[in-house]
Amino acid sequence: MTTNAPRFWRCIPQRYNLKGTHCKSCNEFFFPPRNICPNCRRVADIEEYKFKGLGTVITHTTIYTATEDFARQTPYNLAIIQLDEGPRVTGQMVSCSEVKIGMRVKPVFRILGKEGDKGIIYYGTKFAPVEEAGSHSENIDKEII
Amino acid sequence: MRSVSIIGVGCTKFGERWDSSLRDLVAEAGVLAIEDAGIVGEQIDALFVGNMSGGRFVEQEHIGALIADCAGLSRRHIPSTRVEAACASGGLALRQSVLAVASGYHDIVIAAGVEKMTDVSAGTAADALAAAADREWECFLGATFPALYAMMARLHMRRYGTTHDQMAMVAVKNHHHACMNPIAQYHAEITIEDVDRSPMVADPLHVLDCSPISDGAAAAVLVPTEMARGFVDAPIRIIGSSQGSDTLALHDRRDLTTLDATVIAARSAFRQADIEPKQVDLAEVHDCFTIGEILAIEDLGFVDKGQGGRAVEDGMTVLDGELPINTSGGLKACGHPVGATGIKQAHEVVLQLRGEAGKRQIDDCEIGLTHNVGGSGGTAIVHILKR
């Protein structure tokens with residue numbers, strides 16, 4: 001992840017937390033934040049919103065061949081997660097040997113990458129499985145499919 | 001709006017062209033196309049060139065001026081424009097050329113596409129290609145290009161019962177077709193077992209589910225249809241040209257197993273052409289990964305959503321099938337120099353419609369379609385060509 005420090009720095013609120021936006025006109029939630037609502041555009045009423053963080057795995061893969069920045073981490077699991085408020089995000093899955101569609105997950109704060117041994121360390125969000133009381137992952141699974 | 005026809009096409013051999021530079025490749029394809037059209041350089045009014053990432057692959061931008069220069073047209077000072085839509089850059093160059101001729105702004109326009117990808121390491125090439133995805137919200141988090149298609153494949157398998165064998169059959173078929181195409185990167189038959197045994201890239205996609213890194217260029221000569229017969233006996237009319245866009249990031253799409261950009265572009269192109277999908281005799285579709293071809297034949301309307309894998313298994317898409325797909329060998333086996341691919345697709349369809357496709361010629365074809373995708377579906381471009 002070379003020479004990306006400014007791009008990372010300016011997004012730290014979203015990298016370190018799931019902070020996005022919510023359009024009060026159409027009630028859609030956005031992560032990363034959008035300041036132009038694709039439904040309402042000019043008549044949107046946008047507010048900041050911090051996501052609760054819980055979500056469900058929609059689909060996933062295990063990456064064996066990565067770009068240079070991630071080559072040392074292979075194999076690793078990547079998933080698309082639907083947050084409970086609606087928006088979907090892409091993120092790495094940790095703390096589980098097997099990822100499954102429908103799995104309930106929560107965000108965890110992790111190192112995303114480093115600029116070599118002496119360079120900047122990039123932190124951000126990955127996802128880990130969560131056990132919920134009366135887990136309804138079976139039902140969620142049916143909704144997705 | 002004027003009707004537009006293709007009067008000449010040219011395409012270099014695709015593959016690891018270590019002997020040729022980006023400028024050599026584009027000049028080679030351009031000369032082939034203008035010789036095929038029987039025109040001379042003085043007649044060309046404008047150039048459009050599709051190129052995804054000269055900046056990353058050969059550290060060269062300003063490709064528009066470069067190609068006019070290396071085509072020997074610098075002293076004519078004609079407009080020459082580079083266009084970019086990731087892997088759909090070639091299709092976009094074709095579409096911009098169609099618009100330029102249809103509008104009446106220009107009469108004789110060259111649509112070209114070029115990519116020189118093997119001057120950098122495979123890792124650098126993979127990272128350059130990853131720029132077609134959302135760098136900040138996909139790539140920074142570890143996504144690769146194959147990983148995005150792998151996640152589409154995983155959900156398609158889960159929802160519709162598509163199997164990895166069905167995906168492998170796409171690769172097997174396209175390698176078979178490529179064996180009959182002299183410009184193809186690979187002339188080697190493969191089996192489903194070969195695909196299964198090849199190393200995993202992003203589960204469930206193996207190396208042999210993926211299109212390769214390639215060098216190559218292609219070009220086409222476009223004129224108003226009313227002028228076309230003054231140049232050649234068998235011009236090919238472009239009866240539909242359409243383009244759709246969608247979110248850059250896969251995760252933001254309405255449906256992860258549908259490319260809405262393709263659906264919209266296809267619908268609009270079919271409406272312009274005033275035909276139904278079942279009237280198409282052959283199609284070159286965007287099989288950057290084997291699942292891509294399955295999604296394409298669904299989203300273009302050739303089969304119902306979810307039936308793509310089964311259609312491949314049933315043999316619908318083979319050379320003598322009901323609807324031959326990717327007779328060139330597709331991106332998978334003909335090769336995928338990203339900027340060139342959209343023009344190469346038109347090159348293949350033109351050869352087929354003229355009856356000049358050699359051993360891979362299909363019988364009695366009248367209408368062909370090309371489908372070029374940028375990124376994981378942020379852009380889709382569809383053209384319909386008619387003899």
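Just so it is clear: chains get the letters A, B, ... in the order the sequence lines come, proteins before strands, and each one is counted from 1. Predicted, not measured: the structure shown is a model, and the values here were computed from it.
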Turns out that what part of R34(A) lies under 4.5 Å from chain B's heavy atoms comes down to side chain
Per side chain to side chain contact (heavy atoms under 4.5 Å, CB included), Y64(A) is matched among L205(B), D203(B), T144(B), V207(B) by D203(B)
For F140(B) and F70(A), the nearest pair of non-hydrogen atoms, with its separation, is O-CZ, 3.3 Å
Greatest number of non-hydrogen atom pairs under 4.5 angstrom with chain A, of M151(B), E136(B), R135(B), E138(B), falls to M151(B)
By ring pair (Phe, Tyr, Trp, His ring centres under 6.0 Å), F30(A) pairs with (sequence neighbours left out) none
The interface call for A79(A) against chain B, heavy-atom contacts under 4.5 Å, is backbone
For residues 42-49 of chain A, dump all side-chain donor-acceptor pairs below 3.5 Å to protein atoms at least two apart in sequence or in another chain.
unit_1	atom_1	unit_2	atom_2	d
E47(A)	OE2	H22(A)	ND1	2.7
Y49(A)	OH	K52(A)	NZ	3.4
Y49(A)	OH	E85(A)	OE2	2.7

I want to check something: taking the side chain as every heavy atom from C-beta on, are S121(B) and E68(A) in contact at a cut-off of under 4.5 Å?
yes
So, the part of T125(A) with a heavy atom under 4.5 Å from chain B: the answer is backbone
Output for pair (T61(A) OG1, Y149(B) OH), nearest 0.5 Å, gives 14.5 Å
Cut-off 4.5 Å, heavy atoms of chain A, and the answer for T124(B) is both
Result for side chain to side chain contact (heavy atoms under 4.5 Å, CB included) between T59(A) and one of L148(B), L155(B), L250(B) points to L155(B)
### Query
Does the side chain of W137(B) come within less than 4.5 Å of V89(A)'s, by heavy atoms?
no
Q. In terms of heavy-atom contacts, does NZ of K305(B) have more than 12 from other residues, nucleotides or ligands at under 6.0 Å?
A. yes
- request: Report the C-alpha distance between V99(A) and R154(B) in whole Å, list the side-chain angles of each, state the deciding distance to 0.1 Å, and finish with yes or no for side chain to side chain contact (heavy atoms under 4.5 Å, CB included).
  value: CA-CA 12 Å; V99(A) 184; R154(B) 168 96 61 202; over 6 Å; no
Honestly, the part of Q14(A) sitting under 4.5 Å from a heavy atom of chain B is both
Checklist entry - Taking it one step at a time, do M200(B) and T62(A) satisfy side chain to side chain contact (heavy atoms under 4.5 Å, CB included)? => result CA-CA 9 Å; M200(B) 194 71 92; T62(A) 306; over 6 Å; no
| More than 12 foreign heavy atoms under 6.0 Å from CD1 of I12(A): is that the case here? | yes
message: Quick one: does any side-chain atom of H251(B) pair with a main-chain N or O of I80(A) as donor and acceptor, under 3.5 Å?
response: no
Most contact-rich option vs chain A, by heavy-atom pairs under 4.5 angstrom, among A125(B), A202(B), G142(B), is G142(B)
